[in-house]
Amino acid sequence: MRPCETGSVTQILSIQSAVAYGFAGNSAAVFPLRRAGLDVWPVLTVNYSNHTGYGAWRGPNIDADQVAEVVRGIDDRGVLGQMDAVLSGYQGSEAVGHAILDAVALVKKQNPAALYCADPVFGDVGRGIYAADGIAEFMRDHVTPVADIMTPNLFELAFLTGMPTDTLDQTVAAARKLRELGPSIVLVTSVTDPADADDIIRMVAVDAESAWRVETPFIHRDIFGSGYVGSGDLTAAMFLAHLLQGDTLADALSATASIVYSILKTTDDLGLLELALVQAQDAVVAPTYHFTAAKIA
């Protein structure tokens, strides 16, 4: 990955959901990205009162045509060619998914060096597929071939590749398979192995040259059935940010783990339901805890 030009600010078009209360989608990604020194232009796919983990929420889904209209309005300003990357997360419908891919194509037409980072948010171990019908297949068949970076969890990686992800070795093999299907860089989150102790969790990153892993303590707190909502959105954003700023794969993985764990630890220490993004904002640029990625042979 290349760093941004001297004197310029890295810019990201982030097309994701948003919530008024709490942190998910763009509400979890935009502030940390800006705190890290990047400019972010958020385009919303939903505008909910709160994330769905609470079981009830209010607010609209944004129609695919309206998502596309916002992107076209940004294009009218003549600035899409300045975007260094497009970031996407949960997609509520295939129509919105196609609107996002159209936006990616438009950005890449004006800036061929721009990257597309897709967080394929559609399922998880123990929950199965929770996205709307057809979304998982859309991610596999349409998003994977055009993404430059993907950040699946174990369940999503297994679905996208059709390969097992029960062990670390299997996960690395599946991540390499996913690379063959499209993205040049794959970050796998929530990686476990039967030999692991109960108090650790890891991430794995793979590119054309190497594979790396990083381990952090596992915070045993499961409020909404899937841990802290928004932590995956934060992870994808921070990983993309560090790649755009010129970090090596190993350094980007190390920084991401350090930032995310530092924020999660503060959240847990304070007993909060929602991520402590404000209270722990300094961890975005100076993490309290540091973890170093190790190369996988």
Side-chain angles (χ1 to χ4, degrees), residues 14-19 22-29 42-68 86-104 116-147 149-163 165 171 174-175 178 181-183 186-191 222-237 239-240 275:
S14 184
I15 311 177
Q16 300 193 59
S17 59
V19 295
F23 300 102
N26 269 333
S27 301
V43 177
L44 309 188
T45 57
V46 308
N47 189 18
Y48 289 165
S49 56
N50 50 270
H51 64 68
T52 59
Y54 288 96
W57 63 93
R58 297 177 185 269
N61 294 310
I62 310 299
D63 290 341
D65 288 345
Q66 293 176 313
V67 173
V86 179
L87 173 63
S88 70
Y90 179 80
Q91 298 180 12
S93 70
E94 291 186 47
V96 169
H98 281 295
I100 292 172
L101 292 184
D102 288 345
V104 170
Y116 175 32
C117 179
D119 186 10
V121 186
F122 60 78
D124 205 349
V125 174
R127 299 178 66 191
I129 294 175
Y130 53 73
D133 290 346
I135 293 299
E137 292 80 7
F138 181 84
M139 287 288 180
R140 181 190 63 202
D141 300 336
H142 297 278
V143 175
T144 296
V146 301
I149 304 164
M150 290 192 80
T151 61
N153 60 32
L154 279 183
F155 178 88
E156 292 158 349
L157 178 63
F159 183 91
L160 294 170
T161 62
M163 297 178 66
T165 56
T171 299
L178 185 58
L181 300 175
V186 174
L187 171 69
V188 189
T189 61
S190 303
V191 176
D222 196 1
I223 302 168
F224 297 107
S226 60
Y228 284 110
V229 173
S231 59
D233 305 313
L234 173 65
T235 298
F239 186 64
L240 174 61
L275 295 177

Any side-chain heavy-atom pair from V146 and V104 closer than 4.5 angstrom?
no
Spacing of D119 atom CG and S88 atom OG [to the nearest 0.5 Å]
7.5 Å
How about S49 and Y54: does a side-chain donor come under 3.5 Å of a side-chain acceptor?
no
Could you tell me which non-hydrogen atom of P152 sits nearest to which non-hydrogen atom of V186, and how far apart they are?
CD-CG1, 4.2 Å
I'd like to know if the side chain of S17 reaches the main chain of V46, judged simply by a donor and an acceptor atom lying under 3.5 Å from each other, with no hydrogens or angles considered.
no
Side chain proximity check, F239 to I149, heavy atoms < 4.5 angstrom
yes
Is a side-chain donor or acceptor of D65 paired with a backbone partner of A99 at a separation under 3.5 angstrom?
no
List the steps, then state whether ring-ring contact (aromatic ring centres under 6.0 Å, His included) holds for Y48 with H51.
CA-CA 7 Å; Y48 289 165; H51 64 68; over 10 Å; no
So, taking the atom named CD in E94 and the one named CD1 in I100, what distance separates them when rounded to the nearest 0.5 Å?
12.5 Å
Interatomic distance, L187 atom CG to N153 atom CG [nearest 0.5 angstrom]:
10.5 Å
Any side-chain heavy atom of I129 sitting closer than 4.5 Å to one from F155?
yes
Of all heavy-atom pairs between A28 and D233, which one has the smallest distance, and what is that distance?
CB-CB, 4.0 Å
Side-chain donor/acceptor of S231 to backbone N/O of Y228, under 3.5 Å:
yes
Atom pair OG1/CG of T161 and L178 - distance to nearest 0.5 Å
7.0 Å
Do V229 and F23 have side-chain heavy atoms sitting under 4.5 Å apart?
no
Roughly how far, to the nearest 0.5 Å, is the OG1 atom of T45 from the CG atom of N26?
7.5 Å
Going from CG on N61 to CG on N47, what distance comes out if it is rounded to the nearest 0.5 angstrom?
10.0 Å
Is it true that F122 and F159 have ring centroids separated by less than 6.0 Å?
yes
Smallest separation among heavy atoms of V121 and G89, with atom names:
CG2-C, 4.1 Å
In terms of heavy-atom contacts, N50 and A56 come closest through ND2-O, 2.9 Å
Heavy-atom distance under 4.5 Å between the side chains of M150 and L160, does that happen here?
yes
Given side chains that start at C-beta, do those of P42 and Q16 come closer than 4.5 Å, heavy atoms only?
no
Provide the closest heavy-atom pair for G92 versus A132 in the form atom of the first, atom of the second, distance.
O-CB, 3.7 Å
